[in-house]
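The structure appears right after this line, and notes come after that.
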Amino acid sequence: MAARIIDGKAVAATVRRRVATEVEVFAEERGRPPALATVIVGDDPASEVYVGHKHRACEEVGIRSVHHGLGAATGEDELLGLVGELGRDEGVDGILVQLPVPEHIDPDRIVAAIDPAKDVDGLTPVNAGLLAHGMPGLVPCTPAGVMELLRHEGVDLEGAEAVVVGRSKLVGVPVSRLLLAANATVTVCHSRTRDLSGTCARADVLVAAVGVPRLLDGDAVKDGAVVIDVGVNRTDDGLVGDVDFEPAAQRAAAITPVPGGVGPMTVAMLLVNTVAAARARV
Ligand code: NAP
């Protein structure tokens, strides 16, 4: 295998250590640690696992976290009420409503109701708009994690050809905006893209955020490219990414593994955002 493996766990650990120091300084200055409120509606086991990880990570760096677990039958108005209350709560710096919410609730309405100053997932229309305008705001955690990995690897994005596969509000679009802000030449592919493999094969930096196991094979990877695989897909062979790792690693200069690549960065950047939100608010 030719490619260097990008160790997301190690980079995330470095970020978490930095956050722990920032939390200490904040707590000393303000007399309290930053605080994150999480909300889950229903009993989706994956959501429980993700939020559990987030609380443990908060605890590890000294961020106070409070969880609100609501029953699956909770109505939209009740959830909006809680989101509004958390927005007014002076002791809460970050609000995270874990998606998906049950079908009878409109996730866009809930996200839009989060106080943008406490929107540590960076998903509100206000923060998405700030990102689109190149203005400072809270950036979605996974795209922020992708950029941190590229920075850590010393990847020169200036004028580089970047191809992002996926155009979701959560990953594809924000990561493409961040790459553009870093002066890369950005192409965004999606399910209607005509020559997916050929387009990807132009990329100096290839970011896959699709949700289709091993969609991109070795032919989609240019020799010497940096490959960031955001995909997390459960298969009979265990967790795999959107990139077929072995053939891609034969051609790439550097590649993230799944698991152990982008995943750990998402939680680390949530901690970064919580401290940033706390600092900006007070
Ligand atoms: P999503 O909302 O389902 O979006 C998927 C995107 O992929 C869409 O834009 C879709 O195109 C595109 N797509 C689907 N099939 C395609 C195909 N055959 N060829 C080209 N494009 C195709 O997913 P997401 O929320 O962005 O998540 C993407 C992946 O990242 C998932 O595996 C998810 O589990 C993972 N993820 C990981 C983390 C982490 O922390 N590691 C965080 C978030 C997400 P259209 O727009 O045309 O439908």
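Whatever order the structure lists ligands and atoms in, that order sets their numbers, starting from 1.
For the residues V210, L99, T256, the heavy atom positioned nearest atom 16 (C) of ligand 1 is part of V210. If you check each of C189, G211, C141 against atom 29 (C) of ligand 1, the one with the closest non-hydrogen atom is G211.
With ligand atoms numbered from 1 in the order given, ligand 1 contributes 40 (O), 41 (N) to contacts under 4.0 Å with heavy atoms of G263. Ligand 1 places these atoms under 4.0 Å from at least one heavy atom of V232: 32 (O), 34 (O), 35 (C), 37 (C), 41 (N). Those atoms of ligand 1 that come under 4.0 Å of a heavy atom in G166, given as number and element, are 6 (C), 7 (O), 9 (O). Interface atoms of ligand 1 facing V171, defined by a heavy-atom separation under 4.0 Å, are 26 (O), 43 (C), 44 (C). Taking every heavy atom of V230 and a limit of under 4.0 angstrom, the matching atoms of ligand 1 come to 30 (O), 35 (C), 36 (N), 37 (C), 41 (N). Residue-ligand proximity, L196 to ligand 1, at heavy-atom distances under 4.0 Å covers atoms 19 (N), 20 (C). Those atoms of ligand 1 that come under 4.0 Å of a heavy atom in T266, given as number and element, are 39 (C), 40 (O). Heavy-atom contacts of L170 reach the following atoms of ligand 1: 25 (O), 43 (C) (cutoff under 4.0 Å).
When each of V188, V186, V175 is checked for a side-chain contact (heavy atoms from CB on, under 4.5 Å) with L180, only V186 meets the rule.
In summary, the side chains of T38 and H55 do present a donor paired with an acceptor at a separation below 3.5 Å, with no hydrogens or angles considered.
By the 4.0 Å N-to-carboxylate-O rule, D89 lies too far from K118 to be salt-bridged with it. Electrostatic pairing of E148 and R18 counts as a salt bridge here, judged by a charged N lying under 4.0 Å from a carboxylate O. A salt bridge does not link K222 with E161: none of the charged nitrogens is closer than 4.0 Å to a carboxylate oxygen. Electrostatic pairing of E29 and R279 counts as a salt bridge here, judged by a charged N lying under 4.0 Å from a carboxylate O. Note on R214 versus D237: salt bridge recorded, some NZ/NE/NH1/NH2 to OD/OE distance being below 4.0 Å. R281 and E90 are joined by a salt bridge, as a carboxylate oxygen and a charged side-chain nitrogen come within less than 4.0 angstrom of each other.
Among all protein heavy atoms, the one lying closest to atom 47 (O) of ligand 1 is S191 OG, 2.5 Å. Remark: minimum distance from atom 21 (N) of ligand 1 to any protein heavy atom is reached at H190 C, 3.1 Å. In this structure, atom 42 (C) of ligand 1 lies nearest to the protein heavy atom T142 OG1, 3.2 Å. Closest protein heavy atom to atom 46 (O) of ligand 1: R167 NE, 2.7 Å. Annotation: atom 17 (C) of ligand 1 to nearest protein heavy atom, L215 CD2, 3.9 Å.
I40 belongs to a hydrophobic cluster whose other members, connected by ILVMFWY side-chain contacts under 4.5 Å either directly or through intermediates, are V51.
Below 3.5 Å of separation, one finds an N or O of S168 facing an N or O of ligand 1.
For R56, the salt bridge (Lys or Arg N to Asp or Glu O under 4.0 Å) criterion is met by no residue, not counting sequence neighbours.
Heavy atoms of N233 found under 4.0 angstrom from ligand 1 belong exclusively to the side chain.
Annotation: side chain of V171 is in contact with side chain of S168 (closest heavy-atom distance under 4.5 Å). Within the 4.5 Å cutoff, no side-chain heavy atoms of P116 are placed close to those of P125.
Not close to ligand 1: G172, with no non-hydrogen atom less than 4.0 angstrom away. Using 4.0 Å as the threshold, A209 has a heavy atom nearer than that to some atom of ligand 1.
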